[in-house]
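Input: a single structure, listed below in structure tokens.
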Amino acid sequence: MTEEQRSPTGKPMVEATPMDVIRIRIGSFALVFCVAVLVLSFVGRLWWLTGIVVVIMAGIGLSMAFAVRKQKRLGGGPQSRG
């Protein structure tokens, strides 16, 4: 079991940052929406919209990948012994 870190005020600190959790959750929802727009733009032969959506999806994917990488680097937090 890992030792829990405490802030200077004595409160327990968590290793996961809320911004990383937000990036992963909202990013996954945005990717589903982008896939739907991508399919519709491809079927409708709107190549300019297809290109824009692909660029947006790449940005969202990179943001999510960096958030997951940061969480893995921070560690898994306290581990249960049960």
Side-chain angles (χ1 to χ4, degrees):
M1 187 164 169
T2 59
E3 190 65 32
E4 188 175 55
Q5 295 180 352
R6 298 206 171 256
S7 69
T9 60
K11 294 181 182 177
M13 295 172 32
V14 296
E15 294 181 356
T17 61
M19 191 60 179
D20 292 333
V21 175
I22 289 171
R23 281 184 180 168
I24 294 167
R25 289 190 178 188
I26 292 179
S28 63
F29 175 76
L31 279 178
V32 170
F33 178 73
C34 284
V35 166
V37 173
L38 181 71
V39 168
L40 290 175
S41 68
F42 190 75
V43 169
R45 295 185 181 171
L46 298 171
W47 306 122
W48 57 272
L49 184 58
T50 303
I52 291 171
V53 172
V54 167
V55 170
I56 291 172
M57 287 176 68
I60 292 170
L62 282 173
S63 177
M64 288 175 63
F66 284 132
V68 169
R69 181 177 170 212
K70 183 177 177 185
Q71 291 302 306
K72 285 184 181 179
R73 187 172 31 100
L74 288 175
Q79 305 294 322
S80 71
R81 290 185 270 177

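Positions are given from 1 along the sequence.
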Item to complete: Report the residue from V43, L31, V54, I52 that forms a side chain to side chain contact (heavy atoms under 4.5 Å, CB included) with L38.
Response: V54

Worksheet entry | Distance in Å, L46 CG paired with S41 OG, rounded so as to fall on 0.5 Å steps | 6.5 Å

Worksheet item: So how far is it from I56 CD1 to F33 CZ, rounded to the nearest 0.5 Å?
Response: 9.0 Å

Item to complete: Before giving the answer on side-chain contact (heavy atoms from CB on, under 4.5 Å), spell out for V35 and M57 the whole-Å C-alpha distance, their side-chain angles and the decisive distance to 0.1 Å.
Response: CA-CA 8 Å; V35 166; M57 287 176 68; 3.8 Å; yes

Item to complete: Locate the shortest heavy-atom distance separating I60 from C34; write the atom from each residue and the value.
Response: CD1-SG, 4.2 Å

Worksheet item: Quick one: CG on L40 to OG1 on T50, what's the gap to the nearest 0.5 Å?
Response: 10.0 Å

Worksheet item: Is V37 reachable from W48 through a run of hydrophobic residues whose side-chain heavy atoms are each under 4.5 Å from the next?
Response: yes

Practice prompt. Please check if the side chain of S63 supplies one atom and the backbone of G59 the other of a donor-acceptor pair under 3.5 Å.
Written response: no

Worksheet, complete the sentence: Note: M64 and G27 closest approach over all heavy atoms is SD-C, 3.5 Å

